[in-house]
Amino acid sequence: MSNIFEFKTLENEVFDYPLSRKYERVKRLYNSLLNSGYTSCQAFHEAMKLLTIINPHIQLSEISKKTFNIIYSIY
């Protein structure tokens, strides 16, 4: 019998947060704009603009809903 253990390394996986890094940027932008004095509506629109830059194939009818799900992932 062998007493050798094999450990697998996981590359940058966050188990509690299912969003990818590129969508994390949208949430970070929203929070930083709120902290710098933007209103929530202005920050939300800027986050939507960033989402369209990150994912240009997203349909226009889904941008607002997807941005809301990224920013408020609990709901």
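We use all heavy atoms of the structure for the numbers below, so side chains are in, but hydrogens, waters and symmetry mates are not.
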### Distance in Å, Glu24 CD paired with Ile54 CD1, rounded so as to fall on 0.5 Å steps
10.5 Å

### Query
Which atoms form the tightest heavy-atom contact between Ala47 and Ile71, and what is the distance?
CB-CD1, 4.0 Å

### Query
Rounded to the nearest 0.5 Å, how far does CG of Leu60 lie from CE of Met48?
9.5 Å

### Query
When Leu29 is tested against each of Leu33, Val26, Asn31 for side-chain contact (heavy atoms from CB on, under 4.5 Å), which residue passes?
Leu33

### Query
If two hydrophobic side chains count as joined below 4.5 Å and joins carry through other members, does Leu51 share a cluster with Ile53?
no

### Task
Give, for atom NZ of Lys27 and atom CG of Leu50, the distance between the pair rounded to the nearest 0.5 Å.
14.5 Å

#### Entry: Partner residues of Thr39 under the side chain to side chain donor-acceptor pair (under 3.5 Å) criterion, sequence neighbours left out
Gln42

### Task
Please check if atom CZ in Phe44 has more than 12 non-hydrogen atoms from other residues, nucleotides or ligands closer than 6.0 Å.
yes

#### Entry: Gap separating the OH atom of Tyr30 from the OH atom of Tyr38, nearest 0.5 angstrom
13.5 Å

### Query
Of all residues at least two apart in sequence or in a different chain, which pass the side chain to side chain donor-acceptor pair (under 3.5 Å) check with Asn55?
Tyr23

### Task
Find out whether Lys65 and Glu62 are in side-chain contact, i.e. whether some heavy atom of one side chain is under 4.5 Å from a heavy atom of the other.
no

